[in-house]
Every structure is written in C-alpha cells, then in structure tokens.
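Beneath this line is the structure, given in structure tokens, with notes to follow.
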Amino acid sequence: MKQSIKIISYGAGNIASVKNALGRLGIDAGLAYSPAELETADKIIFPGVGHAKPAMENLKKAGLDTAIREFKRPVLGICLGMQLMAASSEEGNMEGLGLFPGTIKRFSGSIKVPHMGWNSIREFRGPLFRGVEPGSHAYFVHSYYLPRADITAATCEYGTIFSAAAWRDNFFGLQFHPEKSGATGNLILKNFIEI
Amino acid sequence: MLTKRIIPCLDIKNGRTVKGVSFVNLQDAGDPVELAARYSGQGADELCLLDITATLEGRSTFIKVVEEVASAVSIPFTVGGGISSESQVEVLLSSGADKVSVNTSAISDPGLVTRLSRAFGNQCVVVAIDARFTEGEWQVVSHAGTRTTGLLAEDWAREVCDRGAGEILLTSFTADGSRKGFSNDITSAISNRLPIPVIASGGAGTPAHFYDVFTKGGADAALAAGIFHYGVVSIEEVKSYLKERGIAVRA
C-alpha cells in the first residue's frame, strides 16, 4: 500500500521544494495545516526557513506543536524544522519542542554567517544515511546550529563541529536541505521513505 | 569543508533562454528547464535564472519556468530581474525558487532589502551589485550599467549587508564579457571585509580565472554565463582544475 507522507505547512516552510523532491521519488505528499490532517499520516516532514520565533508561534497557534510531539511514526525536521525540535534556541531566546536535548546556538567567530553552500557530512548514525558515502556534500543555509551531542546522527564542520543531523526514537532532524542536495539528498529522502 | 560554488547563469526572455547555447545533444537549447537540468547534471552547485523580459506577459511565463525548473532540479537556484516588492518575492519563493536577487530596485528603495530579509529571512535575499571601475573608483551602476548611482561599491555592499542581505552577487561591468578574468581586487575588498558570502561575476574565461577569484579575490562562489553556454569551458573542467590545486569543490 502506498504510504501517506504529510508536509507540515505553517507559513515558514520551503514547501514547494520538499514536495517537488518527494515527487521526483514517486511520492505525492499532501500538506497538513492542522493536527487533524496528521492523524492518517504514516510520516511527517516538518520543513522550515526564516526566523525561529514567528515559526514557533505559528506552530502553536495551529496546535501543531503538540501534534508533532505526540506523533508516534517517523517525523523528519528539515533546517529550521530540526532546530525547532530542540529543547531551546538562542534565536529569539525561546523554548522548542524538546524532542532533541540541547540548545540551538548562533555561529560565531571569524566565519561568514549564514553558513551557505555545500559542505561535507560524516560520522553517520541511523537509517537515514544508509548507503551515503562519508564526506558526501549536502546543501546548507543557516545561521544557527545544534551542537554535537549523543543524539547527533551526522556531523559537519564550519568553525565548529556541529550536528548536521539528529536522531532520537522516531524523530529525525536534518540541518541541511536534502531536497536541494542533489543525488545525496535524494538518497537520504529515499531512506526516510523506506523506514 | 565548505566548498566553493560554481554557478551558471541563464538569461531568460519570454520563457526562453537567450544567448546562443552550443551544447550538443540538447533537444532544445532555448528551453531553460532542459538547460538547467543539464547544468545540474554537470555539477553546477546552484543556478541563477535572470528574467530579462520587460512585459507583464513575459513575467507570468517566467513564473512558469521557475515552477518547472524547481520540479526538475534538486539543487538550489536564485531568481532575479525586475523584483521590487514583497508580493513578487512571495510568488517566486512559493513557485520553488530558493533565493531572490534584487538590484536596481534596492538602490532606489534600500528599505526593500530590510523588508525582504525580515519577511522571508536573510538566507533568501541576494543583493546584486553591478560595479564599474571609473576615475579610480569602483562605482555602482544601475539599469544594466547604463546609469551611474553615485554609490561606491564597497559602501553599498556594507549597507545592504547591514540591512540584512544574506549574500552579495558582485558583477564587474569592467570585466564582464572580456573573458580576461574576474575583478579580483574589488571582489576581495568586499568579500574579505564583510561577514556574508560573495558571488563574483563577470570576466570568466578559463579555469584559472576561477582559481584566482577564489584565492586572490576571496570569493565564496563564482558565476558565469557565456563560457558555459558556448562550451568554451565546462563546469567539470573548472572543478577538476580547482580540485587539483587544492580548492574544495563538490564532486
């Protein structure tokens, strides 16, 4: 039976890109604007770009914060989506969904911010990286990051070594954009589909 | 390690790519979607689609091109040309573009950069700066180089950075079309002083020019159009040249 993947639409997402990428893999993903629309979903993708604070407010207004937290099947947060899944964030000094322990920090030092472009990822853990070569390149665009911790599922280096991916139970997060990361990104999305 | 990006630029008029494209095996060289897919397959790190249409009708055709490119390629792309409002940006981003670039409209209305970065996040706001070396200074020009603005490139770059630009696309009108190399001096003056990425544009003719703009110019990315379209040099050739000389590029 074909699975149902829902992309959460809350006014802070690169929805079209994610939907297109899944389409290239043969999945016609629907959009979910409310918790009710998530009930029948087999999997959720939680994208996000822009600022953390208004994104979190939109999520709460729609009741989607609780719905994501209580979802029992695989959830994939992308970019800001992954960052909102952490316990807290320095951006807007706010609490997140608490699915990944740790605080989202801003890049500092003499590096350019945002971290923009293709960077190599390695130290993989978990099903999303099955078949991915360590050192493969993924496309990043972000100014904040989740520091390396136990839940880290891939690392990347930019001034510091940070979490390019996180994984705990049914919750997955990718700091880079798999939907914009060429063949490597397609493989990672395919792995998510096949979990 | 963060790699240096190579970005081909497609000029699009009424939904068709302009400038002769001499690729063999392309069924339709004027089809931007096929060309975008081709460049993506050759290892382009990003794409830039520039709408050079003047008519309203052409604009809606451009949106369709953006949608089709977005569904065909899995690399990021920036769109630009005649963008002057938040509502235009909203349509382009929801059509699948990853970033937008603003140029002349930012000069006449600098607050546009601030508003776009607040509304959509600085990661998708690229400010294109066209500069020409005149009377011993790098001056900002507008309207495709036909007008002077009274701004100096370094000052304007700093201002748009302070206003929330996520990236600068710096085109040297002094070097553009010459194929004699990028303008490394002004690229370096801006890229090494500002905390945001700089894409250098104008003057690419050989793989060595890309090496120079990344080493001497301190650019984070380099954009070219003609040399790729006419097959003077391929993206693969540029990347293997860079890789052999120790510049990090995406395989």
Side-chain angles (χ1 to χ4, degrees), chain A residues 9 11-25 48-52 54-55 79-80 91 107-122 133 135-144 156-159 176-187 189, chain B residues 1-7 37 40-41 43-47 66-78 90-99 117-126 161 164-168 191-199 218 220-221 248-251:
Chain A
S9 180
N14 43 338
I15 308 290
S17 305
V18 175
K19 195 170 161 48
N20 280 331
L22 292 171
R24 287 191 289 270
L25 294 167
V49 292
H51 296 283
C79 198
L80 179 62
E91 187 180 22
F107 282 116
S108 60
S110 60
I111 50 173
K112 294 190 176 191
V113 178
H115 171 219
M116 186 184 284
W118 298 82
N119 204 333
S120 46
I121 52 173
R122 56 190 85 242
E133 280 292 315
S136 293
H137 290 103
Y139 189 79
F140 290 85
V141 187
H142 61 124
S143 302
Y144 292 80
C156 178
E157 186 172 1
Y158 190 64
F176 54 89
H177 288 274
E179 75 281 11
K180 288 288 164 183
S181 292
T184 299
N186 285 342
L187 178 54
L189 286 174
Chain B
M1 193 173 179
L2 185 63
T3 61
K4 300 291 188 184
R5 288 169 281 155
I6 306 293
I7 308 174
S40 169
D45 297 305
E46 279 183 43
L47 300 169
V66 171
E67 285 172 351
E68 287 175 10
V69 169
S71 69
V73 304
S74 53
I75 58 170
F77 67 100
T78 301
E90 186 150 16
V91 170
L92 290 164
L93 293 178
S94 66
S95 303
D98 299 284
K99 310 181 216 178
S117 110
R118 283 206 187 126
F120 304 103
N122 66 351
Q123 81 290 336
C124 67
V125 181
V126 181
C161 176
E167 197 168 34
I168 287 172
S191 189
N192 290 326
R193 276 177 212 152
L194 292 187
I196 56 173
V198 171
I199 305 165
D220 299 281
V249 289
R250 180 174 70 111

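Each chain gets a letter, A, B and so on, in the order its sequence line appears, and its residues count up from 1.
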Side chain to side chain contact (heavy atoms under 4.5 Å, CB included) involving Ala138(A) - partner list, sequence neighbours excluded: Ile121(A), Phe140(A), Phe176(A), Ser181(A)
Segment of Arg5(B) engaging chain A (4.5 angstrom heavy-atom cut-off): side chain
Ser71(B)-Lys19(A) side chain donor-acceptor pair, cut-off 3.5 Å: no
Contacting moiety of Ala72(B), where chain A heavy atoms sit under 4.5 Å: backbone
For chain A, the option from Ala248(B), Ser95(B), Ser191(B) that forms the most heavy-atom pairs under 4.5 Å: Ser191(B)
Beyond-backbone contact of Ser74(B) with Tyr139(A), side-chain heavy atoms, under 4.5 angstrom: no
Contacting moiety of Ala221(B), where chain A heavy atoms sit under 4.5 Å: neither
Candidate pair Gln123(B) and Val49(A), rule side-chain contact (heavy atoms from CB on, under 4.5 Å), full reasoning: CA-CA 8 Å; Gln123(B) 81 290 336; Val49(A) 292; 3.8 Å; yes
Minimum-distance pair of heavy atoms, taken over all atoms of Pro197(B) and Met116(A): CG-CB, 4.2 Å
Any residue meeting side chain to side chain contact (heavy atoms under 4.5 Å, CB included) with Arg118(B), in chain and number order, not counting sequence neighbours: Thr114(B)
Region of Thr3(B) in contact with chain A, defined by heavy-atom distances below 4.5 Å: both
Steps toward side-chain contact (heavy atoms from CB on, under 4.5 Å) verdict (Met1(B), Tyr158(A)): CA-CA 7 Å; Met1(B) 193 173 179; Tyr158(A) 190 64; over 6 Å; no
Best-contacting candidate, Lys112(A), Glu179(A), His177(A), against chain B by heavy atom pairs under 4.5 angstrom: Lys112(A)
Asn122(B) versus Pro114(A), closest heavy-atom pair with distance: ND2-CD, 4.3 Å
Heavy-atom pair with the smallest gap, counting every atom of Leu2(B) and His115(A): CD1-NE2, 3.7 Å
Top contributor to chain A interface from Asp220(B), Leu194(B), Asp45(B) [non-hydrogen pairs under 4.5 Å]: Asp45(B)
Pairs of heavy atoms under 4.5 Å with chain B: top-ranked of Asn20(A), Val113(A), Asn119(A): Asn119(A)
Interchain contact, Ser117(B) with chain A, by part (heavy-atom threshold 4.5 Å): backbone
